[in-house]
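These values consider heavy atoms only, across backbone and side chains, with no hydrogens, waters or symmetry-generated copies. Keep in mind it's a predicted model, so treat the numbers as computed, not measured.
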Amino acid sequence: PRLRFAPSHTGYLHVGGARTALFNWLYAKHTGGTFILRIEDTDHARSTEAHTQVVLDGLQWLGLDWDEGPYFQGAEIARHRADVERLLAAGKGYRCFCTKEELEAQRKGSPGGGDGFKYDRRCWRLPPEQVAERVARGMPFVIRFLMPDEEIAWDDAVHGRITFHGRDLDDFVILRSDRTPIYNLAVVSDDIAMTITHVLRGDDHISNTPKQIALYRALGVAIPVFAHVPMILGTDGKKLSKRHGATAVGDYQNQGILPGAMRNFLALLGWSPGEDREILSEAGMIELFSLDSIQKKAAVFDVAKLEWMNGQYLSAMTAVELSGPLERELARMGVDTSGRALAPIVEGVKSRARTVLQLAERVAVRLDPSRGTLDDKADALIKKMGAGFAAGLEVALASLRQAGVDEWNPDGILARLKEAADAASLKIGDVMQPIRVALTGTTVSEPVNELLAVVGREPSLRQLERFVRRAPTA
RNA sequence: GGCCCCAUCGUCUAACGGUUAGGACACCACUCUUUCAAGGUGGUAACACGGGUUCGAUUCCCGUUGGGGCUACCA
């Protein structure tokens, strides 16, 4: 099989597009087929190289490598025109001299007031000599496709049989007056030229499919397998768009989502491997993927589940595997990591983080506790403990000052603190929690003794002292 | 308006005529723990509605309702 992903270069890779690309890629990998990338840039006004690059970067980030391309639709205009000429010569297309203004007037005058307007074929009825005369006169024209009055149906690989009728379809334009091709014509021409066997695309193309099938028939070419995958919706059930927040894969990359997690999550949106599987390896996905287990229903994009999944990937990865994305994020935050061993810190915090951003923030605080800021829960705890907070901190500090460098390890610190708490008749938690808050600004962290060990003796003591001066004593 | 698609917990989904309708996220308890958003255990929560077909429908058919898509010299 030969598959293609054909995004238009809108300047960003929409998660819906990414999911479509993923399904194409999975099917190609599963069947040993070829995955082709083609950029639809016939709308040259919007076309820029930078926009194309964003799409390429997004696919690469997700690990979706293509076997051929990227091809550019805009480079094939000569072939598109040749196909249009063939249709014209065979009487399956015709010249239309109606101007945009005339069309607009016709639209306004039609029953529906414009929506659902179908061209009335007045130019098709023009006598040949009049057409020749207008062409000779240099009158501008578009070429329309003569929609046959017949049933157009196909067996969709995800929906089953879908049936349209030519009488409901318009004689749509296939070549603009500037002799550039229109989308539907270009797609069919390209898919034929590239011998595409499976067209896997979004649901929103279902209504384009009968037009394209009519074109295949007129060109005398057998149609490929069509598979229309469901759309991705926002939480309000509407087509996912920018007003829902992050919709581009680049947005999620910036928010600290790992590519593996994103791919896994996207795969499960509209497809199910069965047997309650959730976390899937790349090989597992490829092996299990099939067109007939694709959902017909649109799916809502649930960021909470994406983040959960990202957390799963995060805690399953080793500190070494995480070092790339982590250091990139730390650099972006302006944190100096030179000469510091990050691995031990990462081990302590990765299972509690859901995004690389959170991971980086926590690592940064352990590198330099003074950058921590109090969150609401920590603030509430301080208030709740009242004088006990400062008392616990004093006890901790006094005891930790006694601990030498040779003792500054998780076991040594724990022994110290236990002893000190006992001596002061405090519960161990009344000593530990204040330390945690002072060092991280939060109520959440790895065990406090490990936290102290990883932060180091001097930085820990310095931060605790700073905090004692600040903490309320009454 | 016309054409088309869709319909299981709040969300992602399993079920391919017979199940106490299963899992995951989220949520709520409990548990482990010096804390926790981590781990563990448990819980609340769904077959849109009405007709058929059938011994039997979440499952097949029709309709209703509801949602969505398309309807450009955009892609």
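- The residue V448(A) sits close to a base: some heavy atom pair falls under 4.0 Å.
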Does the side-chain hydrogen bond (donor to acceptor under 3.5 Å, both in side chains) test come out yes or no for T20(A) and R201(A), once each step is laid out?
-> CA-CA 6 Å; T20(A) 302; R201(A) 61 185 11 166; over 6 Å; no
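- Checked by distance alone, T443(A) brings no side-chain donor or acceptor within 3.5 Å of a matching partner on the base of C36(B).
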Checking salt bridge (Lys or Arg N to Asp or Glu O under 4.0 Å) for the pair E446(A)/R366(A): CA distance, chi angles, key distance, verdict?
-> CA-CA 11 Å; E446(A) 61 273 51; R366(A) 280 150 186 77; 2.9 Å; yes
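- In this structure, D170(A) does not pair ionically with K118(A), as no charged nitrogen and carboxylate oxygen lie closer than 4.0 Å.
- In this structure, U65(B) and A7(B) make a Watson-Crick or G-U wobble pair, each of the two defining distances being under 3.5 angstrom.
- For the pair E104(A) CD and C73(B) C1', the interatomic distance rounds to 12 Å; values are reported in whole Å.
- Contact annotation: R176(A) reaches the phosphate of A75(B) (side-chain N/O to OP1 or OP2, under 4.0 Å).
- Residues K418(A) and D422(A) are not paired through a salt bridge, judged by the lack of any N-O separation under 4.0 Å between the basic side chain and the carboxylate.
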CA sep, side-chain torsions, deciding dist, call: R4(A), D190(A), salt bridge (Lys or Arg N to Asp or Glu O under 4.0 Å) | CA-CA 10 Å; R4(A) 66 4 178 233; D190(A) 289 352; over 6 Å; no
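- With respect to the salt-bridge test (charged N to carboxylate O, under 4.0 angstrom), the residues R121(A) and D171(A) qualify.
- Among the heavy atoms of the strands, none lies under 4.0 Å from S315(A).
- Among U35(B), C70(B), C73(B), the nucleotide with an atom closest to any side-chain atom of S207(A) is C70(B).
- Using a 4.0 Å heavy-atom cutoff across all strands shown, V142(A) reaches at least one base atom of the nucleic acid.
- The CG atom of L417(A) sits 13 Å away from the P atom of U34(B) (whole-angstrom rounding).
- Note on R354(A): only backbone sugar-phosphate atoms sit closer than 4.0 angstrom, heavy atoms only; bases stay farther off.
- With a cut-off of 3.5 Å on both pairing distances, the Watson-Crick or G-U wobble partner of G1(B) is U71(B).
- A salt bridge is defined here as a Lys NZ or Arg NE, NH1 or NH2 lying under 4.0 Å from an Asp or Glu carboxylate O, and D191(A) with R38(A) meets this definition.
- In this structure, I294(A) places its CD1 atom 14 Å from C1' of U13(B), rounding to the nearest Å.
- A 3.5 Å limit on both hydrogen-bonding distances identifies no Watson-Crick or G-U partner for A45(B).
- K427(A) comes within contact range of no nucleotide atom at all, as no heavy-atom separation falls under 4.0 Å.
- Whole-Å rounding puts the D170(A) CG to C4(B) C1' distance at 16 Å.
- Both L175(A) and D204(A) sit near RNA chain B, but only D204(A) has its closest nucleotide nearer the 5' end.
- Among the candidates Y183(A), F145(A), Y119(A), the single residue satisfying the ring-ring contact (aromatic ring centres under 6.0 Å, His included) test with F172(A) is F145(A).
- Counting only heavy atoms from C-beta on, W308(A) has its side chain closest to C25(B) among C25(B), C5(B), C73(B).
- Contact of N208(A) with A75(B) (side chain to base): a donor-acceptor pair of N or O atoms is detected under 3.5 Å.
- One finds a salt bridge joining E85(A) and R179(A) here, because a Lys/Arg side-chain nitrogen approaches an Asp/Glu carboxylate oxygen to under 4.0 Å.
- You won't find any donor-acceptor pair under 3.5 Å spanning the side chain of K297(A) and the base of A7(B), going by distance alone.
- For the pair L306(A) and L169(A), both in contact range of RNA chain B, the more 5′-proximal nearest nucleotide belongs to L169(A).
- The nearest whole Å value for the distance from the CZ atom in R81(A) to the P atom in C73(B) is 19 Å.
- Rounded to an integer number of Å, the gap from CZ of F172(A) to P of A75(B) is 12 Å.
- The side chain of S351(A) lies closest to A38(B), out of A75(B), A38(B), C4(B).
- Using a 4.0 Å heavy-atom criterion, one finds that M231(A) contacts the sugar-phosphate atoms exclusively.
- One atom, CD1 of I232(A), and another, C1' of C12(B), lie 11 Å apart when rounded to the nearest Å.
- At a threshold of 4.0 Å, the pair D203(A)-K296(A) does not count as salt-bridged, since none of the basic side-chain nitrogens sits closer than that to a carboxylate oxygen.
- With a cut-off of 3.5 Å on both Watson-Crick or G-U wobble distances, the partner of U19(B) is given as none.
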So W271(A) and F23(A), ring pair (Phe, Tyr, Trp, His ring centres under 6.0 Å) or not? Walk me through it.
-> CA-CA 9 Å; W271(A) 172 68; F23(A) 283 10; 7.0 Å; no
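- With salt bridges taken as basic N to acidic carboxylate O contacts below 4.0 Å, one links E150(A) and R217(A).
- Contacts with RNA chain B (heavy atom under 4.0 Å) in residues 150-161 of chain A: H159(A), listed by number.
- When distances are taken from the side chain of I162(A) to each of C73(B), A75(B), C5(B), the shortest belongs to C5(B).
- Within the 4.0 Å cut-off from OP1 or OP2 of A72(B), at least one side-chain nitrogen or oxygen of R107(A) is found.
- Within residues 429-441 of chain A, the residues that place at least one heavy atom under 4.0 Å from RNA chain B are, in residue-number order, G429(A), M432(A), Q433(A), R436(A).
- Using a 4.0 Å heavy-atom criterion, one finds that E446(A) contacts the bases of the nucleic acid, with or without backbone contacts as well.
- In summary, R263(A) and E282(A) engage in a salt bridge, as defined by a charged side-chain N under 4.0 Å from a carboxylate O.
- Salt bridge annotation for K238(A)-D236(A): absent, with no cationic side-chain nitrogen under 4.0 angstrom from a carboxylate oxygen.
- Taken residue by residue, residues 266-275 of chain A places heavy atoms nearer than 4.0 Å to RNA chain B at L268(A), L269(A), G270(A), S272(A).
- Pairing of C32(B), defined by two Watson-Crick or G-U wobble distances under 3.5 Å, is not identified with any nucleotide.
- At the phosphate of U35(B), neither OP1 nor OP2 sits under 4.0 Å from any side-chain N or O atom of R352(A).
- Residue-to-nucleotide contacts include a donor-acceptor pair under 3.5 Å from the side chain of D276(A) to the base of G22(B).
- Between Q295(A) and the phosphate of A14(B), there is a side-chain N or O to OP1/OP2 separation shorter than 4.0 Å.
- Using a 4.0 Å heavy-atom cutoff across all strands shown, F164(A) reaches sugar-phosphate atoms only and no base atom.
- Among the protein residues, K296(A) comes within range of the sugar-phosphate backbone only, with heavy atoms under 4.0 Å from sugar or phosphate atoms but none that close to a base.
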Apply salt bridge (Lys or Arg N to Asp or Glu O under 4.0 Å) to the pair E278(A) and K305(A), showing each step before the final yes or no.
-> CA-CA 11 Å; E278(A) 298 279 342; K305(A) 186 155 183 178; 3.2 Å; yes
